[in-house]
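Atom set for the values below is all heavy atoms of this structure, side chains included, hydrogens, waters and symmetry mates excluded. Keep in mind that this is a model prediction, so the values were computed, not measured. Protein chains get the first letters and strands the later ones, always in sequence-line order, with residue 1 at the start of each.
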Amino acid sequence: SCDWRFERFTMDDGLSRAVQHTFVRLYTEGLVYRGDYLVNWDPDNQTVLSNEEVDTVERPGSLWTVRYAVVDADGQDTGEFLSVATTRPETIPADTGVAVHPDDDRFRHLVGQRVRVPLTDRLVPVVADDAIKMDFGAGALKVTPGHSEIDFEIGRRHGLPTLSILNPDGTLNELAGAYAGLDRAVAKKQVVADLDAAVLLAKTEAYTVQTPVSSRSGAVIEPLLSPQWYVSMKPLAEKALAAIHTGEVAFHPARWKNEMVRWLDEGRDWPISRQLWWGHRIPIWYPTRDDGSRDEAAFAVSIDSPGAGYVQDDDVLDTWFSSWLWPFATLGWPEAGGDGKPMPAMQAFYPGSVLVSGYDILGIWISRMLMAGLHFTGEVPFRDVAVTGMVKDKLGRKMSKSLGNGIDPLDMADQYGADAVRFTLATLCAQGQDIKLDPSGFEGGRNFANKLWNAFNVFGRFLETDADAHPTTDVGPMPDPATLVEQWIATRFAETVAAVDEALGKYRISEAAQTVYDFVWRDVCDWYLEVAKPLPGEPMDARTLAFSVGLYENVLRLVHPFMPFVSEELWWKLRPRPAGQALAAAAWPTPGATFPEEAATFASVQEVVGAVRQIRAQYSVAPSKRIEAEVHVPDEAAAEALDRLAGATVTRLAGLSTLRVGTSMEKPPASAAVLVGRMAVFVPLAGTIDLDAERARLNKEIDAKAGFLRSVEGKLANETFVSRAPEAVVAVERQKAADAAAQIEALRATLADLG
RNA sequence: GGGCCUUUAGCUCAGCGGUUUAGAGCGCUCGCCUCACACGCGAGAGGUCGUAGGUUCAAAUCCUACAAGGCCCACCA
């Protein structure tokens with residue numbers, strides 16, 4: 001159940017306070033710093049983006065080969081040119097070097113020399129760096145540290161200066177000389193034209209460019225040198241990695257553990273300042289000078305204003321900087337309770353047991369909650385991470401606005417019912433695999449909800465109710481299982497609870513849902529209720545009614561997590577209850593007593609009934625027509641048990657007029673036969689039996705059994721199997737062979753009897 | 001380039017480290033408006049488990065390679 005007292009919004013006062021506190025604390029610890037680095041700059045939104053907010057898309061573009069003139073010690077052209085390939089000629093004015101690979105014999109003699117940056121008078125060095133790919137383009141790279149991450153690294157390794165020629169709005173600045181003021185796209189064309197005119201353009205090739213774009217605005221991202229606030233992630237990631245390796249945090253399915261380790265291992269610092277108008281403001285304050293300008297160097301870090309004359313930084317924090325505190329900031333952290341201990345809610349609910357999440361936010365959110373939890377509270381925020389797949393459309397595509405393939409769960413709830421939607425999704429979400437969702441799939445869930453409702457009516461219509469259909473008298477506690485079918489359903493219930501418990505314990509939600517579904521439909525409805533319901537026009541006896549109500553109560557407990565609304569509604573129809581005793585607050589069921597022998601007997605009842613039904617279908621016997629049947633069983637005890645405990649049941653469910661059970665009765669003439677286990681079921685069909693059809697059917701049956709027998713005998717003939725397989729396994733195979741042989745024998749006898 | 005996932009019935013998928021000649025839902029076939037439910041009931045058809053090897057008494061299941069499809073990360077200037 002949800003505890004709505006803890007509903008929170010990240011912009012609430014308490015959480016805002018926690019966010020500010022976190023920033024100040026990390027700053028004090030030296031884990032938050034301001035640095036000039038290349039950031040992903042979105043020129044449209046004029047903000048920095050984290051790597052997670054940047055998508056790489058392929059766009060058609062060009063690869064230009066540009067000739068850089070080599071100069072001598074005096075700066076005079078030597079007549080030699082060094083060719084460089086680039087997709088971004090507009091950044092040439094920001095070049096501060098050219099790099100080649102140290103092993104590249106073509107350029108070895110040029111390393112240490114200087115070249116002239118095209119369209120400028122600047123001379124820059126040729127350096128050798130391992131990062132250069134000799135076989136790409138011209139084999140040499142123009143180094144533009146101010147506008148490329150790799151170049152930034154190369155520049156740093158070789159002490160090259162960093163020039164930035166871009167304005168925040170995507171136009172070129174005064175360092176770009178003649179190109180100042182032009183938009184980057186316009187400048188690109190202009191530079192190419194000028195290079196061509198200067199005979200410095202060696203080649204233009206069509207080329208697919210990997211283009212970084214903003215996942216927010218779609219704008220092409222510019223790597224831009226900019227002062228931003230960062231969190232040092234290494235120290236935080238180390239704690240998280242340790243917790244993962246010791247198993248303090250476990251992932252389900254386990255493969256996501258590796259994914260998480262990969263995320264944490266990267267250890268790249270986290271840019272947290274954003275130039276957006278909405279968010280938690282950075283708790284940085286600048287003193288204002290007399291002229292009204294800010295003294296950015298003399299900033300103070302503080303939740304509240306340090307005093308008059310200070311203005312707060314306009315930047316806000318990345319949304320995840322508040323989200324990563326979610327597991328504990330929602331519980332009152334960092335405020336303390338009265339005695340200096342954590343808030344009572346923290347003590348009660350932290351750490352959490354499980355976090356359920358889609359894999360798409362594993363790196364951006366889950367990993368950070370882990371780090372924040374360990375760093376700020378000293379404990380993991382959750383012990384298990386259950387990773388689910390993503391819901392895709394029925395063709396397997398991500399849902400998106402542009403494709404218009406989104407499926408609104410509220411629409412689906414309107415159409416099929418909330419329980420139907422919930423249940424269907426539960427059955428579909430197998431072990432973190434993506435779900436290809438076809439809305440028509442919700443029909444299955446709807447049908448199940450309907451089935452639950454109708455099944456209630458089988459016995460519910462015998463309950464005394466008031467005008468509002470609320471029960472007025474309590475049928476009393478559930479009696480102990482006494483009849484064969486009750487003992488069987490009690491056994492099946494116990495098995496089902498155990499299976500559901502196990503599945504849920506492993507976060508196998510779909511398996512749990514499927515198990516519940518099968519139990520309700522296949523066992524409760526198809527068999528228990530069919531046996532328990534009275535004949536038309538007759539009442540249900542009080543004991544059966546009490547058992548049915550008790551059983552259904554247990555069924556509803558099991559169903560409730562998957563279909564909360566229908567189950568709750570039915571819960572109140574079972575017996576009068578004091579207000580507040582909702583199913584939502586009821587105990588989860590426990591397995592209860594089992595009756596293995598009786599359950600096995602009932603299983604053979606099911607087989608006998610199935611056999612008769614098979615014959616009825618085969619001979620198109622009208623459902624309303626009562627027919628006779630004989631069941632031959634191997635021993636007296638079994639015959640007695642079947643006859644006494646289940647004779648009436650079989651008669652009813654199979655639509656029989658009479659049922660005879662015996663050990664060695666004479667086979668009825670002209671009868672259809674079906675073998676089930678070590679029993680034989682005969683249905684005399686004098687007059688209606690089609691001898692040819694029955695012979696064909698028996699032959700088919702014999703063939704199938706013979707095939708089975710051959711495979712089993714094949715195993716048994718294999719000496720290594722008999723000698724090396726566990727004894728029990730061999731014994732089972734021997735039994736199977738014996739049974740199959742006996743069945744074939746019986747079928748042949750029946751066939752012979754047909755004449 | 002690195003990593004991961006998927007491949008089982010016409011469709012969508014289970015089958016959780018081995019053992020009743022492979023299961024479900026939908027669809028399909030046959031018969032039923034049997035007084036809880038036609039959103040239902042009963043009976044069926046349908047699969048050499050992507051390919052090729054290997055391990056084993058035994059492989060859809062474990063190992064290797066390959067093929068096809070998909071995802072994530074990095075990235076080629």
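- For the C1' atom pair drawn from B/U56 and B/U19, the interatomic distance equals 13 Å after rounding to whole Å.
- Within the shown strands, nothing qualifies as a pairing partner of B/C49 under the Watson-Crick or G-U definition with both distances less than 3.5 Å.
- Side-chain N/O atoms of A/K715 include none lying less than 4.0 angstrom from OP1 or OP2 on B/C57.
- As rounded to whole Å, 16 Å separates atom P of B/G42 from atom CG of A/L656.
- What separates CG of A/L362 from P of B/C5 is a distance of 14 Å, to the nearest Å.
- When side chains are defined from C-beta on, A/Y359 counts as touching A/D434, because their heavy atoms get closer than 4.5 Å.
- In this structure, A/D438 places its CG atom 12 Å from P of B/G27, rounding to the nearest Å.
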Polar atom pairs (N or O), protein with nucleotides 62-64 of chain B, under 3.5 Å:
none

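- Look at the C1' atom in both B/A14 and B/U6: the space between them is 14 Å, to the nearest Å.
- Taking a 4.0 Å limit (strictly below) on heavy-atom distances, residues 505-514 of chain A reaches RNA chain B at A/R508, A/E511, A/Q514.
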Counting primed atoms plus P, OP1 and OP2 as sugar-phosphate and everything else as base, spell out the protein contacts along nucleotides 28-41 of chain B at 4.0 Å heavy-atom distance: B, S or - for each nucleotide, 5' to 3'. ----S-BBBB-BSS

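- Between A/L110 and A/V100, the closest side-chain pair of non-hydrogen atoms is not below 4.5 Å.
- For A/F81, the CZ atom counts as densely surrounded, since its 6.0 Å shell holds more than 12 non-hydrogen atoms of other residues, nucleotides or ligands.
- Taking atom P on both B/U64 and B/A43, the two are 44 Å apart, rounded to the nearest angstrom.
- Where A/F721 and A/V712 each meet RNA chain B at their nearest nucleotide, the meeting point lying more 5' is that of A/V712.
- You'll find the ring centres of A/Y528 and A/F547 inside the 6.0 Å limit.
- In summary, the side chains of A/K394 and A/S440 do not present any donor paired with an acceptor at a separation below 3.5 Å, with no hydrogens or angles considered.
- Here the side chains of A/I489 and A/L551 are in contact, with some heavy-atom distance below 4.5 Å.
- Atom pair A/L425:CG and B/A14:P shows a separation of 15 Å (rounding to whole Å applied).
- Scanning both residues, A/P145 and A/T96, for their nearest heavy atoms gives CD-OG1, 3.2 Å.
- Pairing for B/C4 is with B/G70, a Watson-Crick or G-U wobble pair whose two hydrogen-bonding atom distances lie under 3.5 Å.
- A sub-4.0 Å separation between OP1 or OP2 of B/C5 and a side-chain N or O of A/Q433 is absent.
- Counting only heavy atoms from C-beta outward, the side chains of A/R492 and A/W527 never approach each other to under 4.5 Å.
- Figure legend. B/A60 is base-paired to no nucleotide; pairs are counted as Watson-Crick or G-U wobble with both atom distances under 3.5 Å.
- Listed here is the closest heavy atom pair of A/V559 and A/S567: CG1-CB, 4.3 Å.
- In summary, A/E569 and A/K573 do not engage in a salt bridge, as defined by a charged side-chain N under 4.0 Å from a carboxylate O.
- Using atom P as the reference point in both B/G53 and B/G10, the two lie 24 Å apart (nearest Å).
- The side chain to side chain contact (heavy atoms under 4.5 Å, CB included) search around A/E713 returns A/L709, not counting sequence neighbours.
- Enclosure of atom CZ in A/R734 is not indicated, since only 12 or fewer non-hydrogen atoms of other residues, nucleotides or ligands lie within 6.0 angstrom.
- Distance CG (A/L428) to C1' (B/C26): 12 Å, rounded to an integer number of Å.
- A donor and an acceptor atom, one from each side chain of A/D739 and A/Q735, are located under 3.5 Å apart.
- Ring-plane geometry between A/Y552 and A/F459 is classed as perpendicular, the angle between the planes exceeding 60 degrees on a 0 to 90 degree scale with a lower cut at 30.
- No contact: A/R616 has no heavy atom under 4.0 Å from any strand.
- If you take CG of A/D518 and P of B/G15, they are 14 Å apart, rounded to a whole angstrom.
- Rounded to the nearest Å, the gap between the P atom of B/G27 and that of B/A38 is 16 Å.
- Counting heavy atoms from C-beta on, the side chains of A/F462 and A/P534 come closer than 4.5 Å.
- B/G69 and B/G25 are spaced 33 Å apart, taking the P atom of each and rounding to whole Å.
- Within a 6.0 Å sphere centred on CD of A/E530, heavy atoms belonging to other residues, nucleotides or ligands number more than 12.
- Between the side chains of A/Y507 and A/T388, no donor-acceptor pair is found at a separation under 3.5 Å.
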Determine, for nucleotides 67-72 of chain B in 5'-to-3' order, which nucleotides have protein heavy atoms under 4.0 Å from the base (write B), from only the sugar-phosphate (write S), or from neither (write -). -----S

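- Remark: C1' of B/C5 and CZ of A/F251 are 18 Å apart, rounded to the nearest angstrom.
- Look at CZ on A/R262: it is 9 Å from P on B/G3, rounded to the nearest Å.
- Across B/C39 and B/C26, the matching C1' atoms stand 13 Å from one another, rounded to whole Å.
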Which atoms of nucleotides 75-77 of chain B (N or O only) lie under 3.5 Å from a protein N or O atom, and what are those distances?
from  : atom 1 : to     : atom 2 : distance (Å)
B/A77 : OP2    : A/Y207 : OH     : 2.2
B/A77 : O3'    : A/T87  : N      : 3.2
B/A77 : O3'    : A/T87  : OG1    : 3.3
B/A77 : N7     : A/A140 : O      : 3.3
B/A77 : N6     : A/K133 : O      : 3.0
B/A77 : N6     : A/F136 : O      : 3.4
B/A77 : N1     : A/K133 : N      : 3.1

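- With a 4.5 Å cut-off on side-chain heavy atoms, A/L425 and A/F442 count as touching.
- The nucleotide B/A22 finds no pairing partner, because no Watson-Crick or G-U wobble arrangement with both distances shorter than 3.5 Å includes it.
- To the nearest whole angstrom, the two C1' atoms, one in B/C30 and one in B/A68, are 39 Å apart.
- For A/K188 against A/R88, the heavy-atom pair with the smallest separation is CE-CA, 4.5 Å.
- Using a 4.0 Å heavy-atom criterion, one finds that A/E733 contacts no nucleic acid atom at all.
- When Watson-Crick and G-U wobble pairs are counted only if both distances are under 3.5 Å, B/G42 pairs with B/C30.
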